[in-house]
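Contents: one structure, followed by commentary.
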Amino acid sequence: MELQVDKLCVARGGLAVLRDVSFSVKPGQALVLRGPNGIGKTTLLRTLAGLQPALSGQVSLAFDDMAYAAHVDGIKTTLTVKENLLFWSHVFGTKTIDPAVEAFALADLLDKPAGLLSAGQKRRLGLARLMVTGRAVWILDEPTVSLDQTAVALFGRVIEGHLAGGGLAILATHIDLGLSNALSLELGAYRAVSSLQDDFDEAFL
Amino acid sequence: MIALLARDLRLAVRAGGGFGLGLSFFLIVIVLIPFGVGPETGLLGRIAPGVLWVAALLACLLSLDRMFALDFEDGSLDLLVTSPLPLEGIITVKAVAHWLTTGLPLVAAAPVFALLMNLPGHGYFALVLSLLIGTPALSVIGAFGAALTVGIKRGGLLLSLLVLPLYVPTLIFGAEVARRGAESQPYTSPLLLLAGISFAALALLPMASAAVLRVNLR
């Protein structure tokens with residue numbers, strides 16, 4: 001269940017942004033991506049999640065093992081917290097939402113429409129979805145945005161729990177989550193010397 | 001899949017979901033037509049099949065841009081694409097949900113609106129039948145247009161321009177069935193062609209929609 005990424009090249013808008021990114025993450029480990037804004041953290045994460053094709057390179061695990069959480073949470077504001085979570089648990093074919101509700105302290109909010117939640121509460125609901133997917137590799141793009149310190153600590157413990165259960169996590173974050181078993185990858189070293197792709201037509205699609 | 005259908009239907013009937021919007025629009029257009037062409041019942045009865053079909057088509061168009069745009073904006077489209085559901089299935093389910101919330105109410109309400117248009121009495125069955133068989137094609141073709149324009153800000157207008165020409169075959173055969181029904185002529189062959197369009201759209205277009213959606217999400 002080890003995730004190996006070999007010489008991955010990713011592109012944004014038809015231009016390569018990162019070249020020859022290689023790393024491996026073992027079960028129980030987290031990888032923190034670092035680098036300045038615009039270096040391609042989100043692009044790399046979207047490529048790993050299967051939302052866009054890589055230019056070249058290999059990823060050892062299938063997209064079916066990845067659970068992706070982006071800047072936006074994918075919450076339907078007119079549904080209640082419970083309906084939101086139950087929907088994802090049905091889609092991913094998992095049995096229960098109780099552990100997720102407990103881990104993110106959502107029990108008191110279950111019957112509230114998601115539109116009435118604060119930004120931090122919405123974020124917690126969005127992250128609770130990860131637990132509902134039952135997938136092994138968590139791909140997290142700036143997961144701590146709009147979380148307060150207590151919630152950040154809470155989220156740190158949830159990730160620790162996921163890793164302890166043999167899961168993996170790849171995250172782009174600027175905040176230290178206090179993870180004990182975290183590797184760090186500085187993306188600055190992989191910046192692509194930009195040139196137009198060979199497949200010129202693709203750039204216009 | 002069922003969960004997605006249930007969610008989309010639930011979203012449609014909750015506040016701001018737009019359920020009933022198409023139906024109200026249909027009603028308003030049909031009420032406006034007699035004001036425009038004058039109260040001549042014979043003329044109204046003659047143009048009724050065509051007018052009802054054009055109005056149904058426009059009503060369908062009204063809610064199309066919400067099909068993927070809302071999910072795209074709040075990020076759930078990305079999450080659905082990475083879920084175990086096949087993208088073609090997601091698109092088919094969304095088109096079905098659109099038909100259930102827009103097309104089916106139009107079919108059910110068509111006899112009442114046909115009364116407003118003074119449709120001859122023996123034309124009702126053919127009109128309802130043609131709408132029942134034709135409106136699924138409108139939803140599926142619309143899903144393709146919505147997938148094409150999903151990333152574009154205010155893509156609704158572009159969507160209409162793209163989709164309306166694609167609606168022409170459905171309109172021609174649908175209105176032809178309704179017209180022949182109203183004039184007590186046999187309408188089997190246009191009805192079969194209409195059904196052919198619906199089934200072909202349902203079988204082929206979800207694949208095309210999935211392909212353009214993948215490109216749009218990059």
Side-chain angles (χ1 to χ4, degrees), chain A residues 10-14 42-43 45-55 62-80 83-94 113-115 122-123 125-126 129-130 132-135 137-139 141 202-205, chain B residues 1-21 63 66-94 97 101 147-153 208 210-218:
Chain A
V10 299
R12 183 176 53 222
T42 297
T43 311
L45 292 176
R46 285 179 68 87
T47 308
L48 287 176
L51 284 167
Q52 57 183 66
L55 290 182
F63 300 132
D64 290 349
D65 296 313
M66 320 272 190
Y68 175 64
H71 297 283
V72 279
D73 295 311
I75 291 171
K76 288 294 170 194
T77 50
T78 48
L79 300 182
T80 65
E83 285 169 335
N84 269 298
L85 278 178
L86 276 178
F87 165 66
W88 290 112
S89 104
H90 288 311
V91 166
F92 283 88
T94 48
K122 274 186 190 155
R123 194 75 204 154
L125 172 55
R129 186 189 56 86
L130 287 167
V132 169
T133 61
R135 289 187 167 178
V137 186
W138 286 3
I139 296 180
D141 196 356
E202 191 85 353
F204 291 100
L205 286 176
Chain B
M1 293 279 193
I2 309 263
L4 180 61
L5 184 64
R7 181 193 78 148
D8 273 14
L9 293 180
R10 196 177 280 161
L11 284 173
V13 295
R14 292 263 164 103
F19 180 73
L21 206 66
S63 48
R66 308 168 63 91
M67 202 187 285
F68 297 115
L70 294 181
D71 278 349
F72 179 76
E73 278 161 20
D74 66 20
S76 37
L77 195 57
D78 278 351
L79 304 177
L80 278 174
V81 171
T82 54
S83 79
L85 304 179
L87 191 50
E88 290 79 2
I90 293 171
I91 286 162
T92 312
V93 166
K94 290 216 155 260
T101 53
L148 267 178
T149 53
V150 74
I152 302 169
K153 290 260 182 288
V212 294
L213 204 53
R214 281 201 187 93
V215 172
N216 267 340
L217 285 181
R218 277 183 195 175

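Within every chain, numbering begins at 1; the chains are lettered A, B, ... in the order of the sequence lines, protein sequences first and strands thereafter.
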query: For the candidates A/His90, A/Lys76, A/Arg129, which exhibits the highest count of non-hydrogen atom pairs separated by less than 4.5 Å from chain B?
result: A/Lys76

Rounded distance [0.5 Å steps], CG in B/Leu80 versus CZ in A/Phe87: 5.0 Å

- prompt: Distance-only, no hydrogens or angles: does the B/Arg7 side chain make a donor-acceptor pair with backbone N or O of A/Leu79 under 3.5 Å?
  reply: no

- request: Please flag which part of A/Arg135 lies under 4.5 Å from any non-hydrogen atom of chain B: side chain, backbone, both or neither.
  value: side chain

message: What I'd like to find out is whether the side chain of B/Glu73 reaches to under 4.5 Å of the side chain of A/Val72, using heavy atoms alone.
response: no

task: Output the option from A/His71, A/Met66, A/Arg46, A/Arg12 having the highest count of non-hydrogen pairs under 4.5 Å with chain B.
output: A/Arg46

Contact winner vs chain A - B/Val81, B/Leu11, B/Asp71, heavy-atom pairs under 4.5 Å: B/Leu11

Nearest atoms (heavy-atom pairs only) where B/Ser76 meets A/Trp88: O-CH2, 3.9 Å

Residue pair A/Gln52 / B/Arg218: nearest heavy atoms and the distance that separates them: OE1-C, 3.6 Å

- prompt: Under a 4.5 Å heavy-atom cut-off, does chain A meet the side chain of B/Asn216, its backbone, both or neither?
  reply: neither

Min side-chain heavy-atom separation B/Thr82-A/Leu51 under 4.5 Å: yes

- prompt: Looking only at heavy atoms, which two atoms of A/Gly74 and B/Leu79 are closest? And how far apart?
  reply: CA-CD1, 4.0 Å

query: Which region of A/Asp73, side chain (C-beta onward) or backbone (N, CA, C, O), has a non-hydrogen atom less than 4.5 Å from a non-hydrogen atom of chain B, or is it both or neither?
result: backbone

field: Proximity breakdown for B/Ile2 and chain A, heavy-atom pairs closer than 4.5 Å
entry: neither

task: Please state whether the side chain, the backbone, both or neither of B/Leu85 comes within less than 4.5 Å of a heavy atom of chain A.
output: side chain

message: Please classify the contact of B/Leu77 with chain A as side chain, backbone, both or neither, using a heavy-atom distance under 4.5 Å.
response: neither

